J.: 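Take a look at this one; I'll ask things after.
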Amino acid sequence: MADNTHLLLRSNLKQLRLPTMGAEFEKLAREASAANETYEQYLLRLTELEVAARSANAVQARIRAAGFPMPKDFDTFDFTAVPSVSKPKVLELARGEWIEQHTNACLLGSPGTGKTHVAIALGLAACRQGKRVRFVTAAALVTQLEEAQKRYQLDRLLAQLERLDLLICDELGYLSFSRAGAELLFQVFAERYERRSLLVTSNLAFSEWGQVFQGERMTAALLDRLTHRCHIFEMNGESFRFRESMKSKRGKKASDGT
Ligand code: ADP
Ligand code: MG
């Protein structure tokens with residue numbers, strides 16, 4: 001009798017797509033009867049498990065969709081290595097209100113200073129808050145835009161990008177683009193203005209962006225939109241990678257007795 005009930009219940013929960021409830025109802029029922037819980041308390045606990053599992057799955061799906069090149073979080077970021085960056089201010093951004101306010105962020109500085117690390121950590125935080133995020137290098141984004149244009153699918157790609165709460169455009173400035181490529185990137189940036197957030201990392205100071213965008217007018221128009229309501233972090237200093245490798249070399253020398 002009980003077996004039959006369990007079988008039917010399991011089958012119903014499967015049909016209703018409630019897999020966590022299906023997996024947990026027996027164990028929870030035993031606990032509930034041992035603790036003299038009411039039917040409502042039991043049902044509440046059971047549904048809570050399903051809700052929690054669903055939101056964890058949704059976060060994982062958003063993180064996968066964001067396309068981060070690797071996972072990087074604030075717990076592994078040493079803020080003392082970049083004294084020019086205010087830790088409270090970065091952690092404030094990690095709370096995500098800036099994205100709800102459709103403002104922007106720029107992380108500027110020389111290579112190896114943690115720009116990509118912080119950009120990913122901010123993106124992860126946004127995914128956990130239920131926001132739609134995409135991480136892409138500037139070069140890859142321009143390539144995607146150009147290819148979409150060739151296939152007459154530019155509007156579709158632009159619409160996809162517009163739906164994102166946060167677009168992270170990494171490594172602007174390492175490569176310069178063709179005039180057409182720069183114009184497409186400009187279009188993406190300009191369309192987000194005051195409607196969606198953009199996070200850009202660059203090894204170039206704003207004064208050097210003309211090299212990437214070719215043409216003073218387009219650069220000025222872009223910077224105007226990007227930097228109006230923008231959180232700017234200058235991450236200057238020695239390369240973290242370089243410092244770490246020097247440290248390990250020194251450590252090795254000391255242990256070799258050289
Ligand atoms: P950038 O994008 O500025 O060139 P990255 O974010 O790629 O630099 O950093 C290079 C490497 O050094 C990465 O592995 C990153 O995790 C690490 N790194 C950089 N800065 C820090 C830091 N302050 N604390 C911990 N790791 C760091
Ligand atoms: Mg980088």
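Just so it is clear, the structure is predicted and the values come from calculations on it, not from any experiment. In each ligand, atom 1 is the first atom listed, and ligand 1 is the first ligand listed. Residue indices begin at 1 and follow the sequence shown.
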J.: Does L18 sit in a hydrophobic cluster with other residues, and if so which ones, taking ILVMFWY side chains as linked at heavy-atom separations under 4.5 Å, directly or through other members?
T.: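 L9, L13, L16, M21, F25, L28, Y42, L46, L49, all in the cluster of L18.
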J.: Do NZ/NE/NH1/NH2 and the carboxylate oxygens of R195 and E162 come within less than 4.0 Å?
T.: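 Salt bridge present between R195 and E162.
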J.: Counting distance only, does the side-chain N/O of E37 pair as donor-acceptor with the main-chain N or O of L43 below 3.5 Å?
T.: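 No; judged by distance alone, with no hydrogens or angles, the pair does not exist.
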J.: Is E146 salt-bridged to K150, going by a charged N under 4.0 Å from an acidic O?
T.: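 No, this pair does not count.
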J.: For residues 216-227, which residue pairs qualify under side chain to side chain donor-acceptor pair (under 3.5 Å), counting only residues two or more places apart or in two chains?
T.: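 Qualifying pairs: none.
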J.: Anything with a heavy atom under 4.0 Å from ligand 1 counts, so go ahead and list those protein residues by chain and number.
T.: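 The answer is K72, T76, F77, D78, A81, S110, P111, G112, T113, G114, K115, T116, H117, F240, R241, counting any residue whose heavy atom sits under 4.0 Å from ligand 1.
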J.: Consider only side-chain N and O atoms of N236 and S84, and report whether a donor and an acceptor are under 3.5 Å apart.
T.: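 S84 and N236 do not have a side-chain donor-acceptor pair below 3.5 Å.
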J.: Is a salt bridge present between E26 and R30, judged by a nitrogen-to-oxygen distance below 4.0 Å?
T.: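 No, this pair does not count.
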J.: What count do you get for protein N/O/S atoms less than 2.8 Å from the Mg ion (ligand 2)?
T.: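 Protein N, O or S neighbours of the Mg ion (ligand 2) under 2.8 Å, waters not counted, come to 1.
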J.: Atom CG of L164 and atom CZ of R134: how far apart are they, to the nearest 0.5 Å?
T.: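 Spacing of CG (L164) from CZ (R134) equals 5.0 Å.
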J.: Under 30°, 30 to 60°, or over 60°: which ring-plane class applies to W98 and H231, parallel, tilted or perpendicular?
T.: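 Answer is perpendicular, since the angle exceeds 60°.
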